[in-house]
Structures are given as C-alpha cells and as structure tokens.
2 protein chains.
Amino acid sequence: MKKRSYNQACSLATALDLIGERWTWLILRGLLTGPKRYKDLLDQLPGIGTNLLATRMKDLVWLGIAEKSGNGRQAAYQLTAIGEQLRPISHALINWGRNFPDHAGADAQSRPQWDMLAIEAMFRPERAGGISVVMEFVLSGFVFHLAIRNQQCRAVIGPAVSPDVRITSDSATLIAIGNRETTVQSAEEKIHLKIDGDRNAFSLLFDLFE
Amino acid sequence: MKKRSYNQACSLATALDLIGERWTWLILRGLLTGPKRYKDLLDQLPGIGTNLLATRMKDLVWLGIAEKSGNGRQAAYQLTAIGEQLRPISHALINWGRNFPDHAGADAQSRPQWDMLAIEAMFRPERAGGISVVMEFVLSGFVFHLAIRNQQCRAVIGPAVSPDVRITSDSATLIAIGNRETTVQSAEEKIHLKIDGDRNAFSLLFDLFE
DNA sequence: CTGCATCCGCCTCGATACTG
DNA sequence: CAGTATCGAGGCGGATGCAG
C-alpha cells in the first residue's frame, strides 16, 4: 500500500505530500491550541471518518510532526518542534481566508477554539512593542486567555493565573465591534459584552489585533 | 453538482475549501513564477489529469485568485492581487518542506522554475538592508534573474537588462556550495559554475539567502 | 467510554482518447 | 494548443464492531 505522492524534487511538493491531504491542516489546527486526545480532535473535525483520523495521526507521528504522550485512555497528541513551525503558516492561511468572509454558509459548524486561533492569527507584533498584558476570554462559556509579551502573543485554553482583564462575550459580538458595526457601549448595554478589570487592557485588543 | 466543503465557520477551513485540494498549490506555484498558458502549467504538473487542471483553473478564476487574459491559443493565466497574497505563504511552506530533504526519491521530477521559486523563498530581507543588486542565473540552460531592492527579492523568468553578475551553473551545485559540501573554487574548476561580472555580487548570494 | 480497525458505497482523481 | 468526454482505480465518508 504505497502512499500517493507528487514525486517531485520540490520542497513545496514535499510539504504537500506530508500535510497537503484532506483534513490534515484541520487536525493541525486542533493541535495548535494545545495537546489533544483522539476524541477531542474528533469533536473539532465534524465529518471526518474515524479511520481517516487514525491513519492521519499515525502519519503525522511517523513524520515527526506530532507525537503521542501517554497511552491507553490518557494518550494525547501534541506538536513537535517541526509541527510547531507550522503555526505562523496557519496564521497566514487564516488571514488569507478572511478575504472570503461570505464563504461559510449559515449551516456551517463552529467551535470556540477556532476563534481562539483566529484571534491569535490577527495579532500584529509590530504594534506591541513594550506591551505586556494578559487577557482572559469567556466566549459563549469557553475560557481561554491571551498572553502578550515581547511582541509575541500566545492563546492558551483555560483561565489565566492573574489576568489584567476578563472579557465575557461571544465571537460574533467581538467581530461586530472590530468591524465598527457596533460599539463597546452598545454591546455592554445589551449584555453581549462584559469587561472585568483594566478597561485599558481591553482597548488594547483593538490596537494590537487586525 | 455541489463542491465538497468542510462547511465550517473558520477562515482556515475556508482557505482549504478554496486552495486545499490536490494539485491546487502546485498550480499556484506555476503562476507564482509569472503568467502561464495552459500548456506551460501542464508541463510543470507531471501526472495531473488535463480535465482536473481545467476545472481547477475555472475554480481559481471564479474565486478571483487567478484571471485569464486573452483567449484562444494566446490565453494566459495569472494571479490576481488576492492570489499574489499567497506568495509569502508559499515561501513559508517551501522553507518548512526543507525540514524533510530526503523525502523526494531518486526518480523525482524536477523543473528549474521550482528551484527559482525556492531561491526566492530562501531570501532573508533582514540581511538585505541598503543592498540593491541584480543577479542573472543560467541553471542547466534555464535563464532567470533575481532583482533585490528595498529588502525585497523577486525572481523573474528571462535575462536581466543589466545584471551585476551572471551565474551559470545548476541547482545541485549551488545547493552543494550552500551546504558547504563543496567550494566555489572547486565548482569553478570542475566547470560546474561560471561567474561573469561582479564576484562580490555573487558572494551576496550566500549572505542574503538561507 | 475511548481509541481505533473493518467494511462498503461513493466521489474524486488519473490516464487516455478525442474535438474545435 | 486548449481544453472536453469517458472510465477504471483509489481515497474518502459513514456505519459498525471490538478491545482495553
């Protein structure tokens, strides 16, 4: 059973042979928000065949892009250093995909972790010189936080130890504010947005992100 | 006849719906080295079905990623502004693919235009401050040139108007020199490398590129 | 219940032949 | 040269089974 390959002496073709198949990038999207168990990956990949996920994971581990820690019911997959190198590329692809905002239909699936990675992608390091801040988000009940330091931004699942600000909202509201379709004040009045802590830290959200 | 889609409200999934299918990135690779006719694209895509290339091109044009100029046998495809935004992403994928130098088998296909794009990908703008130089390459008979200015590098098919240096060689030799597996002097003695013009400009090749 | 493996129908792909 | 038509092969999607 030989794997299909472009069979070209080209690094782009090599990359596509390894991570260009259907679902692979979306598996990586799952791993880019932290280690995941098989079931957690499945939950973020609606429509994938369970066998396909299993073979993809075997390939990714074999290639040294992901690795498996623990086994049995505690087994979890995480990115290796080489897999982690795909993070900026995924950011770029996400930002490119925003050229087509109307692509997703009304019946499209959604997961808060996808928004989390999208926020990380929108970070603009060149605007973050000298800024150090931790923002905690509660988007439709899903909790994560952004740690911004040294012109780097990393999104992590779960609450922050000591956040400068906690933002309770949903992704649609934040997008609407970002697009100037609504105001912070209006969103707060409609209880679509709640800001706890340093409001200046909250306003950084619109300075440091696209 | 509906197209297969991940159907997710996620910009990464959107991007993959549009350019994540088999062959699409390699079609873009062809267009990233300049406008191409149907036949020229085919030549760079060994193994693709002609029907598949036709449908892919129709999709890319429909999406506004590529556009068709002229028609009949003079028709040519080129990238739109949105398609051009994929250039840095292709560079990043190429550089990531170089983590797996042994992937391509001995029977792998190769085309000089792939090397041309790979060289463009290896350019390090942060090392090119204040440098302005034009290098012409003749790799195994294929002619292109690099124009470096304002910390940008663009590879263009064909000879340069007034190159600072002309480098006649082949990609294997340049890679070997870059990896310190051979020296410039040795390559010149074996007539695997010929340098016409400013030798200092040639040495920039190893300063400005990875 | 999680973490897969097996099986099967279907859709996409790959190759060739053919047309304007 | 620039595609279209056709058809066999193989990867994918969904359901099911099963071991730890």
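All of these numbers come straight from a predicted model, not from anything done at the bench. The analysis underlying the following values was restricted to heavy atoms, covering all of them including side chains, and did not include hydrogens, waters or symmetry mates.
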Between [X] ([atom1]) and [N] ([atom2]), how many Å, whole number?
X	N	atom1	atom2	result
B:N71	D:dC1	CG	P	17 Å
B:L42	C:dG14	CG	P	13 Å
A:D40	C:dC4	CG	C1'	15 Å
B:L45	C:dC13	CG	C1'	14 Å
B:D17	D:dC12	CG	P	15 Å
A:I27	D:dG13	CD1	P	11 Å
B:L52	D:dA5	CG	P	15 Å
B:L41	D:dG3	CG	C1'	13 Å

I'd like to know if A:E210 and A:R124 make a salt bridge, using a cut-off of under 4.0 Å between side-chain N and carboxylate O.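 Here A:E210 pairs with A:R124 in a salt bridge, since their nearest N and O are under 4.0 Å apart.
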Please check the phosphate of [N] (OP1 and OP2 only) for any side-chain N or O of [X] closer than 4.0 Å.
X	N	result
B:W23	C:dG14	yes
B:R22	C:dG14	yes
B:R4	C:dC10	no
B:K36	D:dC1	no
A:Y77	C:dC4	yes
B:K39	D:dA2	no
B:K58	D:dT4	yes

Side-chain donor/acceptor contact of B:T50 with base of C:dA15 under 3.5 Å: no
Determine whether a donor-acceptor pair (one donor, one acceptor, N or O, separation below 3.5 Å) exists between the side chain of A:N51 and the base of D:dG14. yes
Describe, in one word, how the ring planes of A:F206 and A:F202 are oriented to each other, choosing from parallel (under 30°), tilted (30 to 60°) and perpendicular (over 60°). perpendicular
Is A:R29 close enough and on-axis enough to A:W114, meaning under 6.0 Å and within 45°, for cation-pi? yes
Within 45° of the six-membered ring axis of A:Y6 and under 6.0 Å from that ring's centre, is NZ or CZ of B:R22 located there? yes
Let me see the working for B:D17 and B:R4 under salt bridge (charged side-chain N to carboxylate O under 4.0 Å, His left out), right down to the final yes or no. CA-CA 8 Å; B:D17 277 343; B:R4 181 186 272 175; over 6 Å; no
